[in-house]
Amino acid sequence: MIKRIAVLWFLPLPLLAQTGATAMFPPEAACFQRQYDAAHLAKHPQQQVVDIALTPAEGQVVSTSLVVDIAVTLRGTGAHYIGSAYCEPEGAGLSCGMEGDAGAFSLSLRNGGALLLAVSPLGMSFENEQDFLTISGTGGDDRTFLMQPVAAADCF
């Protein structure tokens, strides 16, 4: 058991990050997106987000982190908000912290190449030109988002 830990200890961190990034974001999955329809929103009256998209940022890997950009559209107003996060490998997925201590989330792969974003209890905060939006990680209907891979050209 100690020998296994010692072997993992000396693996270079950029290799671990790139392996996680490659598994979650293969070249053909330039974006993960979910647009919620009226039927889904009727069943989830507390859900604020009607569209969400996540994509690797330009340059993708900084040091040992994968940088991702996230865009959300708010229910009712149609306002768009953006944020960025730095993701590190954790277990079979990625653990991500929003830039500027604006919350956290985790990413994990699901069947069919889907990506599950789970908001941490810290929530997630976004901004646009007018104001800020915070999604709660402990209440409401915006705690998990199951997104499908889409081509960059099809991503909002």
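- The distance from atom CZ of F132 to atom OG of S125, rounded to the nearest 0.5 Å, is 8.5 Å.
- Nearest heavy atoms, S136 versus G139: OG-N, 3.1 Å.
- Q46 CD to R143 CZ: the interatomic distance, rounded to the nearest 0.5 Å, is 8.5 Å.
- The shortest non-hydrogen separation linking L122 to A104 is CD1-CB, 4.2 Å.
- Between the side chains of S95 and S106, no donor-acceptor pair is found at a separation under 3.5 Å.
- The minimum heavy-atom distance linking V49 with Y36 is given by the pair O-CD1, 3.7 Å.
- Between M147 atom CE and L117 atom CG the span is 4.5 Å, to the nearest 0.5 Å.
- Two residues are said to be in side-chain contact when any heavy atoms from C-beta on lie closer than 4.5 Å; T55 and V68 fail this criterion.
- For the pair C96 and A85, the tightest heavy-atom approach, listed with the atom from each and the gap, is CB-CB, 4.2 Å.
- Here F126 contributes atom CZ and M98 contributes atom CE; the two are 4.0 Å apart, rounded to the nearest 0.5 Å.
- Using a 4.5 Å cut-off on side-chain heavy atoms (C-beta onward), D142 and V119 make no contact.
- Looking at S84 and D69, their side chains do bring a donor and an acceptor atom within 3.5 Å of each other.
- With values rounded to the nearest 0.5 angstrom, C31 atom SG is found 10.0 Å from L115 atom CG.
- At most 12 non-hydrogen atoms from other residues, nucleotides or ligands lie less than 6.0 angstrom from CD1 of I82.
- Residues M124 and V72 fail the side-chain proximity criterion, which asks for heavy atoms closer than 4.5 Å.
- Across all non-hydrogen atoms, the minimal contact from S108 to R110 is OG-NH1, 3.1 Å.
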Notebook entry, point to check: Can L74 and L133 be said to form a side-chain contact (heavy atoms from CB on, under 4.5 Å), step by step?
Noted result: CA-CA 9 Å; L74 192 59; L133 166 69; 4.0 Å; yes
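- Of all non-hydrogen atoms in A42 and P45, the two that sit nearest each other are O-CD, 4.0 Å.
- Side-chain N or O atoms of R75 include one that pairs as donor or acceptor with a backbone N or O of Q47 at under 3.5 Å.
- In this structure the side chain of I70 never reaches within 4.5 angstrom of the side chain of F32, judged on heavy atoms.
- The CD1 atom of I52 sits 14.5 Å away from atom OH of Y81, with the distance rounded to the nearest 0.5 Å.
- Distance alone, capped at 3.5 Å, places no donor-acceptor pair between the D51 side chain and the T73 backbone.
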